Student: 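Supplied in structure tokens, the structure appears directly below.
All heavy atoms count here, side chains included; hydrogens, waters and symmetry mates do not. In what follows, chains are A, B, ... by sequence order, proteins preceding strands, each numbered from 1. Predicted, not measured: the structure shown is a model, and the values here were computed from it.
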Protein chains: 2
Amino acid sequence: MSDFKDFIGSDKGPQCPRTYILALTDTLNVVSGKWKLPIIAALLRGVSRFKDLLDSTEKITPRMLSKELKELEMNSIVERKVYSQTPVLIEYKLTKSGKEIANVIDSMIDWGMVHRTQVITDGDAVKTS
Amino acid sequence: MSDFKDFIGSDKGPQCPRTYILALTDTLNVVSGKWKLPIIAALLRGVSRFKDLLDSTEKITPRMLSKELKELEMNSIVERKVYSQTPVLIEYKLTKSGKEIANVIDSMIDWGMVHRTQVITDGDAVKTS
DNA sequence: ATGTTCAGTATACAAAAGTATACTGATATT
DNA sequence: AATATCAGTATACTTTTGTATACTGAACAT
């Protein structure tokens, strides 16, 4: 398993592997922003059509949904399939990697939960934006 | 352990616990943006003074460093200590939670590494921004 | 008295991310 | 012929995020 603490162990010591930085950047691109996670959550629930994603992702506009789906597709998180039925059916679904991002989200939730209890028992405040 | 897949299991079924969303939002606030992770990395290396953080976080301006440190302090990721020596010494250090965020970063790196190999063996492209 | 270091702040601007609202074009239904 | 549905696109914003450049003030050092 990778260890962030290891490779940043010293300023003059071994440099951070470039591959780690690339991997981290990829992940940040997938989880950052207002809409990526809500869309991925809907896709994990099995929602697959543009219109259904619009409905189940509250307050998103078609422009944003379109833009985000394109980015997710470019990053191989989502696959777009066209079925030339009538009316045309376009199906968005998560790739293998797309499904596996749920593990990262789990670890984010876990840290956040522990963090909140630690902050409360330390008497500090949490900004609930 | 929390499971994102569970609580989003169905549209009409059990709602996503609000605490999960709050936890996830907390985590996103800590890892999102251009400077948070570079600063945390420097702090993990033991860099602690404003001037040293400025030097070891390449291209950051004092304005941004100041702003980010304030946010990290508000979110109990960083502690600011003033030593009334002369010249005054101000020390920034990670809290317990602040150090533990490294686990989340590790899981982000892991997903990113696996994702890249999967994308390559599937013949897809990865956007290397 | 002038300069240097530390720890920032002030002002103005540029770029990225997100919103609002309306529209398109293909096909099918009434 | 008019209306509806699906899957988006077009145009014009507003808001948030980040950059550039200069400055402040306290405490020493020369």
Side-chain angles (χ1 to χ4, degrees), chain A residues 25-43 46-75 77-94 127-129, chain B residues 25-43 46-75 77-94 127-129:
Chain A
T25 305
D26 285 352
T27 312
L28 281 170
N29 282 338
V30 176
V31 302
S32 293
K34 187 168 178 183
W35 297 114
K36 297 265 165 56
L37 288 185
I39 291 168
I40 288 170
L43 291 166
V47 181
S48 67
R49 304 182 66 161
F50 193 88
K51 220 235 156 197
D52 295 334
L53 287 167
L54 260 185
D55 292 344
S56 59
T57 312
E58 272 176 46
K59 312 247 181 184
I60 199 172
T61 60
R63 182 188 191 279
M64 285 309 287
L65 181 55
S66 172
K67 189 180 139 272
E68 303 282 333
L69 284 171
K70 267 173 196 156
E71 285 179 33
L72 291 170
E73 200 192 345
M74 282 214 318
N75 290 321
I77 308 304
V78 156
E79 239 184 317
R80 182 177 183 273
K81 277 190 184 163
V82 183
Y83 297 91
S84 304
Q85 313 173 352
T86 182
V88 66
L89 168 60
I90 290 173
E91 191 190 65
Y92 293 95
K93 45 181 300 209
L94 293 169
K127 191 189 129 207
T128 310
S129 69
Chain B
T25 305
D26 285 352
T27 312
L28 282 170
N29 281 339
V30 176
V31 301
S32 294
K34 185 167 181 182
W35 297 114
K36 298 264 164 59
L37 288 185
I39 291 169
I40 289 170
L43 291 166
V47 181
S48 67
R49 302 182 68 161
F50 193 89
K51 220 237 156 197
D52 295 335
L53 287 167
L54 261 185
D55 292 346
S56 58
T57 312
E58 272 175 46
K59 312 248 180 182
I60 199 172
T61 60
R63 183 187 190 277
M64 286 308 288
L65 181 56
S66 172
K67 192 181 137 270
E68 303 281 335
L69 284 171
K70 267 174 197 155
E71 284 178 33
L72 290 171
E73 199 190 347
M74 283 215 315
N75 290 321
I77 307 305
V78 155
E79 241 185 317
R80 182 177 183 274
K81 277 190 184 164
V82 182
Y83 297 92
S84 305
Q85 313 171 352
T86 183
V88 67
L89 168 60
I90 291 174
E91 188 189 67
Y92 292 96
K93 46 182 299 212
L94 293 169
K127 190 191 129 204
T128 310
S129 65

Student: Taking atom P of C/dT5 as reference, at what distance in whole Å does atom CG of B/Leu54 sit?
Tutor: 14 Å
Student: Hey, is the side chain of A/Tyr92 poking within less than 4.0 Å of OP1 or OP2 on D/dC6, counting only N and O atoms?
Tutor: no
Student: Go through D/dT19, D/dA7, C/dA7 for me and flag the one nearest to the B/Met64 side chain.
Tutor: D/dT19
Student: Please report the distance, rounded to the nearest Å, between CD in A/Gln85 and C1' in C/dA28.
Tutor: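 Going from CD in A/Gln85 over to C1' in C/dA28 covers 14 Å.
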Student: In whole Å, I'd like the distance from the CD atom of A/Glu68 to the P atom of D/dA7.
Tutor: 18 Å
Student: Report yes if at least one side-chain N or O of A/Lys70 is closer than 4.0 Å to OP1 or OP2 of D/dA7; otherwise report no.
Tutor: no
Student: Between P on D/dA7 and CG on A/Leu65, what's the gap in Å once rounded to a whole number?
Tutor: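 Computing the A/Leu65:CG to D/dA7:P distance gives 11 Å.
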Student: Give the nucleotide from the list D/dA7, C/dT19, C/dA7 with an atom nearest to the side chain of A/Trp35.
Tutor: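 So the nucleotide nearest the side chain must be C/dT19.
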Student: Check the surroundings of atom CD in B/Gln85: do more than 12 heavy atoms from other residues, nucleotides or ligands lie under 6.0 Å from it?
Tutor: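 Yes, enclosed.
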Student: Of A/Arg63 and A/Ile90, whose nearest nucleotide on DNA chain D comes first from the 5' end?
Tutor: A/Ile90
Student: Side chain of B/Ser66, heavy atoms from C-beta onward: which of C/dG8, D/dG18, C/dG18 has the nearest atom to it?
Tutor: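 Closest of the options to the side chain of B/Ser66: C/dG8.
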Student: Work out which heavy atom in A/Leu28 is nearest to a heavy atom in B/Val31; give both atom names and the distance.
Tutor: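 Taking every non-hydrogen atom into account, CD2-O, 3.6 Å.
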Student: Would you mind classifying the nucleic acid contact of A/Pro62 as base, sugar-phosphate or nothing, using non-hydrogen atoms under 4.0 angstrom?
Tutor: base
Student: Grab the CD-P distance between B/Glu91 and C/dA7 for me, whole Å please.
Tutor: 11 Å
Student: Return the minimal non-hydrogen interatomic distance between A/Leu43 and A/Val47, and the atom names on each side.
Tutor: CD2-O, 3.3 Å
Student: Nearest whole Å is fine: how far is D/dA20 P from B/Lys59 NZ?
Tutor: 9 Å
Student: What is the separation between atom CD1 on B/Ile60 and atom C1' on C/dG8, rounded to the nearest whole Å?
Tutor: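 Interatomic distance, CD1 of B/Ile60 to C1' of C/dG8: 13 Å.
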Student: Specify the residue among B/Arg49 and A/Ser32 whose closest nucleotide of DNA chain C lies further upstream toward the 5′ end.
Tutor: B/Arg49
Student: Could you walk me through whether B/Ser48 and B/Glu91 satisfy the side chain to side chain contact (heavy atoms under 4.5 Å, CB included) test, starting with their C-alpha distance in whole Å, then the side-chain angles of each, then the deciding distance to 0.1 Å, before giving a yes or no?
Tutor: CA-CA 5 Å; B/Ser48 67; B/Glu91 188 189 67; 3.8 Å; yes
Student: Among C/dG18, D/dT21, C/dC6, find the nucleotide with the atom closest to the side chain of B/Thr61.
Tutor: D/dT21
Student: What closest approach, in Å, do A/Val30 and A/Lys36 show between heavy atoms, and which atom pair accounts for it?
Tutor: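 Nearest heavy atoms, A/Val30 then A/Lys36: O-CB, 3.2 Å.
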Student: Please give, in whole Å, the distance from D/dG8 P to A/Asp52 CG?
Tutor: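 Roughly 12 Å, once rounded to whole Å.
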Student: Side chain of A/Leu89, heavy atoms from C-beta onward: which of C/dA7, D/dG18, D/dA7 has the nearest atom to it?
Tutor: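 For A/Leu89, the side-chain atoms sit closest to D/dA7.
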Student: So, is A/Lys34 near the phosphate of C/dT19, with a side-chain N or O under 4.0 Å from OP1 or OP2?
Tutor: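 Answer yes for this pair, as a side-chain N or O of A/Lys34 is under 4.0 Å from OP1 or OP2.
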